[in-house]
Amino acid sequence: MKRLISQLSCASALALAMAVSGHAQAQTEIDVAMIGEPDTFDPMVSTKDVVSIVTQHFVETLFTFDDNWATVPLLAAAMPDVSDDGLTYVIPIREGVTFHDGSTMDSADVVGSLERWLEVASRGKSVAAYVDSVEATGDYEVTIKLNQPYAPLLSLLAFSNSAAVVYPEEILADHIDNVVGTGPYEIADYVPDQYIQLVRFDGYTQPTGAAERKQIPDEIRFVPVADPNTRVEGLLSGQFDFADSLSSESYDRLESSDVAEPLLLEPFGWPLFAMNHKKGMMTDIEVRKAVQAALPFDDMLYAAFGDEKFYQVEGAMYPEGWVWNNDGGVELYNQNDIKAAAEHLEKAGYDDTPLRILTSRQYEFHYQMALVAKAALEAAGFNVQMDVVDWATLAERRNNPDLWDIYITHSPFLPEPALISSFSAEAREGWNDPVKNEIYARFTTETDPETRKAVFKELQTELYENVGFIKLGNFNALQGKSKTLEGVSASPWPQFWNASTSE
């Protein structure tokens with residue numbers, strides 16, 4: 001937060017300068033209610049959605065995804081030229097791209113940023129061992145050389161989460177105090193716990209094709225609203241144009257409203273219990289199996305969402321229709337077997353040490369699932385300790401393996417399974433099992449699509465047998481928007497550069 005406060009001084013100066021010039025009075029303002037605010041404006045060092053949603057508007061990556069999850073150029077001038085052996089990526093860089101500080105982007109900025117990403121970003125660390133070098137091979141050309149093929153590379157470079165964003169070479173450091181990006185919007189003001197104000201960057205150089213950012217709103221204001229009911233009320237009253245992460249109970253009110261309407265993202269993703277493989281009781285596979293056996297996923301999903309139109313009791317990592325869908329290991333899903341769980345605990349020699357479940361009520365469905373899980377786990381013989389905190393505190397505590405055994409989170413369905421950070425031994429959960437690591441390495445280095453599908457089935461099977469983490473099912477995400485808001489669709493990371501309002 002200190003980084004944000006230091007940035008605020010610069011942002012306030014910018015806002016004052018804009019006010020003098022007459023630009024600060026926005027003609028079109030989009031107000032967005034979120035579950036909380038970012039604890040950093042540097043998306044390289046964060047995997048939190050609240051960070052990605054905001055920062056994607058003012059920092060950019062070499063590539064991005066189109067509406068069909070295909071990788072397309074953003075700061076890159078075109079897709080890379082990849083050698084036949086898959087080891088060399090030559091990436092042309094767009095010319096004339098301007099940073100918010102007025103400097104011009106070149107290959108030195110890209111190289112420095114990618115090198116930092118490989119060192120500090122969780123997703124960058126996951127690929128670092130495969131990268132031999134990142135070099136500027138021209139003023140507007142960067143060459144990445146690998147020591148093994150790495151199939152997910154472009155997806156990782158395109159992702160806005162733990163993102164390979166490009167900064168000016170001059171500001172690169174372990175911790176960046178004042179983020180400088182190339183995006184269509186820039187920070188004008190930030191008041192902690194109240195709002196983040198973004199305004200149009202007049203020096204923006206527009207990409208073409210699917211990556212276009214039209215810069216329609218003059219101003220986008222992100223407002224942290226922890227309580228989901230307050231987000232709904234603000235949307236229904238006209239205070240907000242868009243509200244993220246709403247409870248399923250809000251659907252009927254939004255559907256019958258004259259002011260707002262629901263946006264249902266179906267299917268959105270999956271809630272999960274992340275296991276602490278670094279320290280504590282969850283390092284014992286028998287304890288992990290006890291948790292897996294005890295949990296009644298159907299009851300947990302019903303408690304969380306209430307209506308089957310919002311969830312599916314499904315063990316496959318990807319739903320039907322996705323190329324990654326398979327049945328590996330799913331016979332171990334939704335066992336709901338208290339007796340089997342107790343037997344696993346007995347094998348582990350469980351000594352009544354509290355099982356600490358870290359969760360938050362800002363995502364109310366997380367908390368509701370935790371309550372059902374607590375009852376089932378206690379019936380199996382666990383002593384369960386619920387640590388209920390705000391989301392920002394949870395995000396901080398989960399980085400310290402001394403403070404939790406399980407934390408509850410969720411993920412959207414991602415186009416590339418290697419983007420699921422929990423599979424990586426470098427992730428905060430520390431699932432560093434040699435069998436899993438070998439399968440995961442084969443999956444990421446294999447380039448044949450059909451072979452990758454078969455290897456992913458092995459990986460999913462190992463997930464269930466080793467209990468690396470626990471997928472609870474599928475769910476549909478509910479968002480809401482004003483009926484006058486156009487150009488925004490349901491998305492895991494909603495974007496507002498193409499948004500407009502009609503009265």
Side-chain angles (χ1 to χ4, degrees), residues 49 67-69 228 244-252 254-255 262-275 291-337 359 363-377 406-417 419-423 453 456-457 459-465 467-480 489-494:
D49 289 343
D67 292 340
N68 296 313
W69 289 107
D244 195 27
S245 190
L246 304 180
S247 64
S248 56
E249 290 84 358
S250 307
Y251 185 89
D252 290 341
L254 292 173
E255 192 174 42
L263 294 175
L264 191 62
L265 184 55
E266 181 179 3
F268 170 81
W270 44 286
L272 73 147
F273 274 27
M275 315 290 243
V291 174
Q292 182 185 57
L295 295 179
F297 298 132
D298 42 2
D299 292 340
M300 294 168 67
L301 291 165
Y302 179 78
F305 301 106
D307 189 317
E308 289 186 1
K309 71 181 176 183
F310 294 107
Y311 71 90
Q312 302 87 39
V313 184
E314 172 60 59
M317 289 297 297
Y318 283 83
E320 290 185 16
W322 286 67
V323 68
W324 304 110
N325 176 258
N326 70 83
D327 60 359
V330 297
E331 67 276 3
L332 296 173
Y333 174 77
N334 200 26
Q335 298 171 51
N336 195 7
D337 190 334
T359 191
Y363 290 109
E364 181 67 15
F365 69 97
H366 291 188
Y367 177 71
Q368 296 301 329
M369 289 188 294
L371 291 178
V372 177
K374 180 176 185 291
L377 292 168
I406 292 172
Y407 74 84
I408 304 177
T409 186
H410 65 269
S411 171
F413 292 111
L414 301 171
E416 163 59 57
L419 295 175
I420 303 171
S421 60
S422 297
F423 278 124
K453 287 165 58 177
F456 183 66
K457 181 174 181 178
L459 185 60
Q460 180 176 294
T461 301
E462 182 62 18
L463 167 66
Y464 275 103
E465 293 180 351
V467 200
F469 52 89
I470 295 179
K471 180 197 175 185
L472 305 177
N474 302 342
F475 76 101
N476 308 328
L478 179 62
Q479 300 166 330
S489 57
S491 168
W493 305 281

What are the two closest heavy atoms between [X] and [Y], and how far apart are they?
| X | Y | answer |
| --- | --- | --- |
| G473 | L301 | CA-CD1, 4.0 Å |
| T359 | A370 | CG2-CB, 4.2 Å |
| V372 | P296 | CG1-CG, 4.0 Å |
| Q479 | S491 | NE2-O, 2.7 Å |
| H410 | P271 | CB-CA, 3.8 Å |
| G329 | T461 | N-OG1, 3.6 Å |

Donor-acceptor under 3.5 Å ([X] side chain, [Y] main chain):
| X | Y | value |
| --- | --- | --- |
| Y464 | G315 | yes |
| Y251 | L263 | no |
| N474 | Q312 | no |

Non-hydrogen side-chain atoms of [X] and [Y] separated by less than 4.5 Å:
| X | Y | value |
| --- | --- | --- |
| L246 | L254 | yes |
| D49 | P492 | no |
| P417 | L459 | no |
| V313 | N334 | yes |
| P262 | L478 | yes |
| Y363 | I408 | no |
| L295 | L377 | yes |
| F469 | L463 | yes |

Check your understanding: Counting heavy atoms not belonging to E331, are there more than 12 under 6.0 Å from its CD?
Key -> yes
Spacing of [atom1] belonging to [X] relative to [atom2] belonging to [Y], to within rounding of 0.5 Å:
| X | Y | atom1 | atom2 | result |
| --- | --- | --- | --- | --- |
| S248 | E364 | OG | CD | 10.0 Å |
| F273 | M300 | CZ | CE | 3.5 Å |
| F305 | Q368 | CZ | CD | 10.5 Å |
| K309 | N476 | NZ | CG | 10.0 Å |
| H366 | S245 | NE2 | OG | 7.5 Å |
| L371 | D299 | CG | CG | 13.0 Å |

Review point. Parallel, tilted or perpendicular for W69 and W493, by the 30°/60° rule?
Key: perpendicular
Point to revise | Listed once per pair and sorted, the side chain to side chain donor-acceptor pair (under 3.5 Å) pairs that draw on residues 313-330, sequence neighbours left out | key: N326-Q460, D327-K457
Check your understanding: Only one of Y302, F268, F310 forms a ring-ring contact (aromatic ring centres under 6.0 Å, His included) with F475, so which one is it?
Key -> F268
Review point. Can S247 and F365 be said to form a side-chain contact (heavy atoms from CB on, under 4.5 Å), step by step?
Key: CA-CA 7 Å; S247 64; F365 69 97; over 6 Å; no
